[in-house]
A.B. asks: 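After the structure tokens below, expect a handful of questions from me.
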Amino acid sequence: MEKTVVLVKPDAVQRGLIGEILHRFERKGLQVIGMKMLRLSDLKVEEHYAHHKDKPFFGGLKEFMQAAPIVAIAIEGTDAIEAVRIIVGPTKGRVAPAGSIRGDFAMSVQENLVHASDAPETAAAEIERFFAQDEIFAYEHAPRPWVYAADER
Ligand code: IDP
Ligand code: MG
């Protein structure tokens with residue numbers, strides 16, 4: 001089982017898409033193991049988007065990410081990092097495939113509704129960044145035997 005992090009970005013919160021986005025992951029069979037609304041501090045945005053810190057768009061990206069609260073969701077499942085990234089779709093909303101969250105609801109590169117961890121190391125760092133230990137819940141996911149074959153769980 002892998003853990004991963006989704007951030008519902010300020011544009012999605014403003015557009016009333018929190019439920020729609022959460023629903024995409026729930027109905028896939030992924031398990032929600034943590035969820036909270038928060039405002040991103042300067043430190044957290046700078047850490048989170050450190051790979052873009054020197055890009056010309058960083059100032060605008062930071063302002064966008066702090067313009068409204070976000071919702072952080074921790075998700076667990078087999079190969080969850082890859083499964084979640086496929087549901088999210090590629091960065092540029094207007095060319096993201098229909099059926100993905102960005103493909104169905106986004107036109108922008110920046111205002112693209114969701115963040116999803118891209119690798120095991122970033123997923124682990126992002127769980128620590130956004131959740132305290134007691135905000136991540138280990139519990140039996142009742143549908144698991146109906147979602148996975150025994151050798152996939
Ligand atoms: P990802 O969210 O699809 O993983 P990254 O390349 O990791 O994409 O970029 C992180 C976020 O930074 C994007 O989701 C988007 O909001 C923003 N971003 C990326 N490239 C650009 C750009 O060229 N202009 C403005 N914002 C960008
Ligand atoms: Mg990324």
Side-chain angles (χ1 to χ4, degrees), residues 1-133 135-137 141 147-148 152:
M1 286 283 156
E2 252 174 19
K3 292 182 176 62
T4 187
V5 172
V6 166
L7 302 180
V8 180
K9 295 182 179 182
D11 53 338
V13 172
Q14 290 288 1
R15 289 177 56 190
L17 292 172
I18 300 169
E20 170 71 45
I21 288 167
L22 183 60
H23 188 206
R24 301 269 172 140
F25 301 113
E26 282 192 301
R27 71 186 188 185
K28 179 74 170 173
L30 289 157
Q31 182 179 15
V32 175
I33 56 167
M35 184 156 53
K36 70 202 287 191
M37 181 173 264
L38 68 148
R39 272 189 188 276
L40 281 180
S41 64
D42 288 345
L43 185 71
K44 281 220 164 49
V45 199
E46 281 161 23
E47 244 178 47
H48 187 67
Y49 283 137
H51 58 299
H52 287 323
K53 197 117 200 273
D54 300 322
K55 305 268 171 68
F57 60 81
F58 183 74
L61 176 60
K62 185 175 170 192
E63 194 178 326
F64 160 60
M65 290 298 292
Q66 295 182 306
I70 62 163
V71 177
I73 308 169
I75 287 173
E76 188 167 89
T78 301
D79 298 332
I81 296 167
E82 187 182 15
V84 164
R85 294 277 296 184
I86 289 167
I87 293 168
V88 167
T91 311
K92 191 177 184 178
R94 53 190 176 272
V95 299
S100 66
I101 293 169
R102 288 166 170 171
D104 286 351
F105 300 107
M107 283 296 284
S108 173
V109 172
Q110 179 176 274
E111 265 87 340
N112 60 6
L113 306 168
V114 252
H115 163 82
S117 313
D118 60 8
E121 305 72 46
T122 48
E126 288 170 12
I127 285 178
E128 278 210 22
R129 180 170 307 136
F130 296 107
F131 295 93
Q133 271 178 15
E135 291 172 335
I136 297 292
F137 295 84
H141 195 217
V147 172
Y148 300 107
E152 294 173 311

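This structure is a prediction, so every number in the text was calculated from the model and none was measured. Counting starts at 1 for both ligands and their atoms, in listed order.
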A.B. asks: Answer yes if the side chains of S117 and E126 hold a donor-acceptor pair under 3.5 Å, and no otherwise.
C.D. replies: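 E126 and S117 do have a side-chain donor-acceptor pair below 3.5 Å.
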A.B. asks: Quick one: does L61 get within less than 4.0 Å of ligand 1, heavy atoms only?
C.D. replies: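 For ligand 1, residue contact (heavy atoms, under 4.0 Å) with L61 is present.
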A.B. asks: Under a 3.5 Å distance rule, please check whether D104 uses its side chain to pair with a backbone N or O of A98 as donor and acceptor.
C.D. replies: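 Checked: no pair found.
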A.B. asks: So which bit of H51 gets within less than 4.0 Å of ligand 1, heavy atoms only: side chain, backbone, both or neither?
C.D. replies: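 Answer for H51: side chain.
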A.B. asks: Could you tell me if any non-hydrogen atom of H52 lies under 4.0 Å from any atom of ligand 1?
C.D. replies: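 True for this residue.
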A.B. asks: Has R102 got any heavy atom lying under 4.0 angstrom from an atom of ligand 1?
C.D. replies: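 Yes, R102 has a heavy atom closer than 4.0 Å to ligand 1.
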A.B. asks: Looking only at protein heavy atoms, identify the closest one to atom 15 (C) of ligand 1 and say how far it is in Å.
C.D. replies: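 Closest protein heavy atom to atom 15 (C) of ligand 1: V109 O, 3.3 Å.
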A.B. asks: Kindly indicate, with the supporting measurements, whether the criterion side-chain contact (heavy atoms from CB on, under 4.5 Å) is fulfilled by M1 and T78.
C.D. replies: CA-CA 5 Å; M1 286 283 156; T78 301; 3.5 Å; yes
A.B. asks: Show the numbers, then the answer: is there a side-chain contact (heavy atoms from CB on, under 4.5 Å) between V13 and M37?
C.D. replies: CA-CA 10 Å; V13 172; M37 181 173 264; 4.2 Å; yes
A.B. asks: What are the two closest heavy atoms between I136 and K3, and how far apart are they?
C.D. replies: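 Here I136 and K3 meet closest at CG2-CE, 4.3 Å.
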A.B. asks: Using atom types as modelled and distance alone, determine if a side-chain donor or acceptor of R102 lies under 3.5 Å from a backbone N or O of G93.
C.D. replies: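 Flag not set: sc R102 to bb G93 has no pair under 3.5 Å.
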A.B. asks: Please check this pair: side chain of R85 against backbone of A119, looking for a donor-acceptor N/O pair closer than 3.5 Å.
C.D. replies: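 Absent.
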A.B. asks: Is it the case that K36 places NZ or CZ above or below the six-membered ring of F131, under 6.0 angstrom from the centre and within 45 degrees of the axis?
C.D. replies: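 Flagged: K36 positioned over aromatic ring of F131.
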A.B. asks: Would F64 count as a contact residue for ligand 1, given that I'm defining contact as a non-hydrogen atom of the residue lying under 4.0 Å from a ligand atom?
C.D. replies: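 Judged by the 4.0 Å heavy-atom criterion, F64 does not count as contacting ligand 1.
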A.B. asks: Would K55 count as a contact residue for ligand 1, given that I'm defining contact as a non-hydrogen atom of the residue lying under 4.0 Å from a ligand atom?
C.D. replies: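 Not so, K55 does not reach ligand 1.
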A.B. asks: Would you mind running through ligand 1 and noting each atom that sits below 4.0 Å from a heavy atom of R85?
C.D. replies: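 Once the distances to R85 are compared, the set is 4 (O).
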A.B. asks: Within ligand 1, which atoms have a heavy atom of N112 less than 4.0 Å away?
C.D. replies: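 This gives 13 (C), 14 (O), 15 (C), 16 (O) as the contact atoms.
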A.B. asks: Please say whether Y49 places an N or O atom under 3.5 Å from an N or O atom belonging to ligand 1.
C.D. replies: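 The answer is no, given that Y49 and ligand 1 share no N or O pair closer than 3.5 Å.
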A.B. asks: Pick one of side chain, backbone, both or neither for how M65 approaches ligand 1, counting any non-hydrogen atom pair under 4.0 Å.
C.D. replies: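 Contact part for M65 vs ligand 1: neither.
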A.B. asks: When you measure from the side chain of D11 to the backbone N and O of L113, does any donor-acceptor pair fall under 3.5 Å?
C.D. replies: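 Checking the backbone N and O of L113 against the side chain of D11, a donor-acceptor pair under 3.5 Å is found.
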A.B. asks: What's the shortest distance from atom 8 (O) of ligand 1 to any protein heavy atom, and which residue and atom give it?
C.D. replies: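 Here the closest protein heavy atom is T91 OG1, 3.3 Å.
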A.B. asks: Counting from 1, what ligand 1 atoms have a heavy atom of K9 closer than 4.0 Å?
C.D. replies: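 So the atoms of ligand 1 that pass are 13 (C), 14 (O), 15 (C), 16 (O).
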A.B. asks: Return the residue, atom name and 0.1 Å-rounded distance of the protein heavy atom closest to atom 27 (C) of ligand 1.
C.D. replies: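 Ranking protein heavy atoms by distance from atom 27 (C) of ligand 1, first comes F57 CE1, 3.4 Å.
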A.B. asks: Side chain or backbone of E111 under 4.0 Å from ligand 1, or both, or neither, by non-hydrogen atoms?
C.D. replies: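 Neither part.
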